> 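Have a look at this one.
Just so you know, these numbers come straight off a predicted model, no measurement behind them. So you know, we letter chains A, B, ... as the sequences are listed, proteins then strands, and number each from 1.
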There are 2 protein chains.
Amino acid sequence: MFSKTCEYAVRAVIYIAQTSKHDEKVSIKEIAKGIDAPEHFIGKILQDLGKKGLIQSLKGPKGGFYLDASSRKYSLADVVKAVDGDKIFYGCGLGLSQCSEAQPCPLHHEFKKIRNDIHRILKKAKLGEFNDQLEQHLAFLRR
Amino acid sequence: MFSKTCEYAVRAVIYIAQTSKHDEKVSIKEIAKGIDAPEHFIGKILQDLGKKGLIQSLKGPKGGFYLDASSRKYSLADVVKAVDGDKIFYGCGLGLSQCSEAQPCPLHHEFKKIRNDIHRILKKAKLGEFNDQLEQHLAFLRR
DNA sequence: AAAATAAAAGATAAATTTGTCTTTTATTGA
DNA sequence: TCAATAAAAGACAAATTTATCTTTTATTTT
Ligand code: FES
Ligand code: FES
């Protein structure tokens, strides 16, 4: 469905959202442990998301990653798009160069529905809404 | 969604299903042109599907790939599973080592539904049912 | 000002996926 | 039996993804 990079990115962003509520910042090391991902690798990924303005970071002691008010309005769809592009939302499921209503692949109508579902769900998942599920052990980001 | 290999595999199998109705066989070359894929690469892919019994082939002049009666009963889900495995049907969408109802990722309930939809659609798409959509220009496998 | 901390940046490497080329084997038909 | 055809098989190569390691830069605390 998503690339490994994208899976890490989504899990990391959710982790940041959940643990950085009160302007606290989270270090790469803690994120890596929290989502069970290679430290340097998610460092790179978060660096990219930072450049694109999806998340914030600060260097130095007491530094780390966090989300500001505007970032909390972004959705997981924005994260996925930033990492994997929007092929998953708009591309042909059978890999044709572009999805087309006029020249549909044999599964076009079915795929279209699924793609829309995926898009809808991810657009609805705003970063600000991942509050304290984790702490309450209602959701998990590692296993 | 699927790997490139899997996209080629599905398109190729549909192509074979559509063009080999009357025990006619289709050559790699024709398939490659028909679905716009690299010839030798789909050769490999189809070789694998053949070993797994999903499709049939015969060497020599008048040889090529075709589907026998039992292969026509397979579904695209079988093809996808043979190429990409069943992670797309059962795996966690956020990449946790396994999807779990007891320890769900934050999107578990949503992903579960989507995965089931994908599985349902592909299971329903039996190879024998791709008859002559292609000829009638109702569906397309290249662009 | 100096030391410590943590992300940014850059270089490199491993692994996997995707793609190509060549040789071999099976089948057909002349 | 021989030549032609087409898949099978194997070796190899390019590209991309995933991952690691080192150095630099910014920030804080002492
Ligand atoms: S053409 Fe394949 S999904 Fe639309
Ligand atoms: S735990 Fe992630 S999809 Fe079920």
> Measure OH/B/Y66 against P/D/dA7 and give the value in whole Å, please.
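Rounding to the nearest Å, OH of B/Y66 and P of D/dA7 are 12 Å apart.
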> Check the distance between D/dT25's C1' and A/L58's CG and give it to me in whole angstrom.
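The answer, rounded to whole Å, is 12 Å.
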> Decide side chain to side chain contact (heavy atoms under 4.5 Å, CB included) for A/V80 and A/I118; before the verdict, give the C-alpha distance in whole Å, the side-chain angles of both, and the deciding distance to 0.1 Å.
CA-CA 11 Å; A/V80 166; A/I118 295 174; over 6 Å; no
> Nearest 0.5 Å, what's the CE-CZ distance between A/M1 and B/R115?
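So the CE of A/M1 and the CZ of B/R115 are separated by 8.0 Å.
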> Quick one: B/F41 CZ to D/dA7 C1', roughly how many Å, whole number?
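From B/F41 CZ to D/dA7 C1': 17 Å.
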> From the list D/dT29, C/dG19, C/dA7, which nucleotide is the closest neighbour of the side chain of A/I28?
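Looking only at heavy atoms from C-beta outward on A/I28, the closest nucleotide is C/dA7.
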> NZ of A/K25 versus C1' of D/dA26: gap in Å, rounded?
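So the NZ-C1' distance, A/K25 to D/dA26, works out to 14 Å.
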> Can you figure out which of C/dA9, C/dT28, C/dA7 approaches the side chain of A/F65 most closely?
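The closest nucleotide is C/dA7.
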> If I take atom NZ in residue A/K52 and atom C1' in nucleotide C/dA8, what distance separates them, rounded to the nearest angstrom?
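For the pair A/K52 NZ and C/dA8 C1', the rounded distance is 16 Å.
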> When you check the phosphate oxygens OP1 and OP2 of C/dG19, does a side-chain N or O of B/Y8 lie under 4.0 Å from one of them?
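Indeed, a polar side-chain atom of B/Y8 lies that close.
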> Whole Å only: how far is the NZ atom of B/K59 from the C1' atom of C/dT27?
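Checked: the NZ to C1' distance equals 9 Å.
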> Should the pair A/E101-A/K112 be classified as a salt bridge under the 4.0 Å nitrogen-to-oxygen rule?
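Looking at A/K112 together with A/E101, the answer is yes, because their closest N to O distance falls below 4.0 Å.
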> Looking only at side-chain atoms of A/T5, point me to the closest of D/dA4, D/dT18, D/dA7.
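Nearest to the side-chain atoms of A/T5, counting from C-beta on, is D/dT18.
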> When the distance from NE2 of B/H40 to P of C/dT17 is rounded to whole Å, what number comes out?
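Distance check: B/H40 NE2 to C/dT17 P gives 22 Å.
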> With nearest nucleotides of DNA chain D determined for A/G60 and A/C6 from heavy-atom distances, which residue corresponds to the more 5′ nucleotide?
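Of the two residues, A/C6 wins.
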> Among B/V13, B/I16, B/L76, B/L141, whose side chain to side chain contact (heavy atoms under 4.5 Å, CB included) with B/F130 holds?
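Among B/V13, B/I16, B/L76, B/L141, the one meeting side chain to side chain contact (heavy atoms under 4.5 Å, CB included) with B/F130 is B/L76.
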> Between B/F2 and A/G50, who's closer to the 5' end of DNA chain C by nearest nucleotide?
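That would be A/G50.
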> Is the phosphate of C/dA9, meaning OP1 or OP2, less than 4.0 Å from a side-chain N or O of A/K51?
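True: A/K51 side-chain N/O within range (under 4.0 Å) of C/dA9 OP1/OP2.
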> If you count heavy atoms of other groups shown closer than 6.0 angstrom to NZ of A/K4, is the number above 12?
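Enclosed.
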> Rounded to whole Å, please give me the gap between CD1 in B/I42 and C1' in D/dA6.
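Value for this atom pair: 13 Å.
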> Which residue lies toward the 5' end of DNA chain D, A/S3 or B/V26, if each is placed at its nearest nucleotide?
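Whichever sits nearer the 5' end wins; that is B/V26.
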> Looking only at the side chain of B/P61 (C-beta and beyond, no hydrogens), which of the listed nucleotides C/dT25, C/dT20, D/dA4 gets closest?
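Nearest listed nucleotide: D/dA4.
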> Using a heavy-atom cut-off of under 4.0 Å over every strand shown, decide if B/K29 touches base, sugar-phosphate, or nothing.
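Nothing, no nucleic acid heavy atom in range.
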> Are A/S57 and C/dA8 close enough that a side-chain N or O sits under 4.0 Å from OP1 or OP2?
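Result: yes.
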> Tell whether B/K4 reaches the base of C/dG19 with its side chain through a donor-acceptor pair below 3.5 angstrom.
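Flag unset: no donor-acceptor pair detected.
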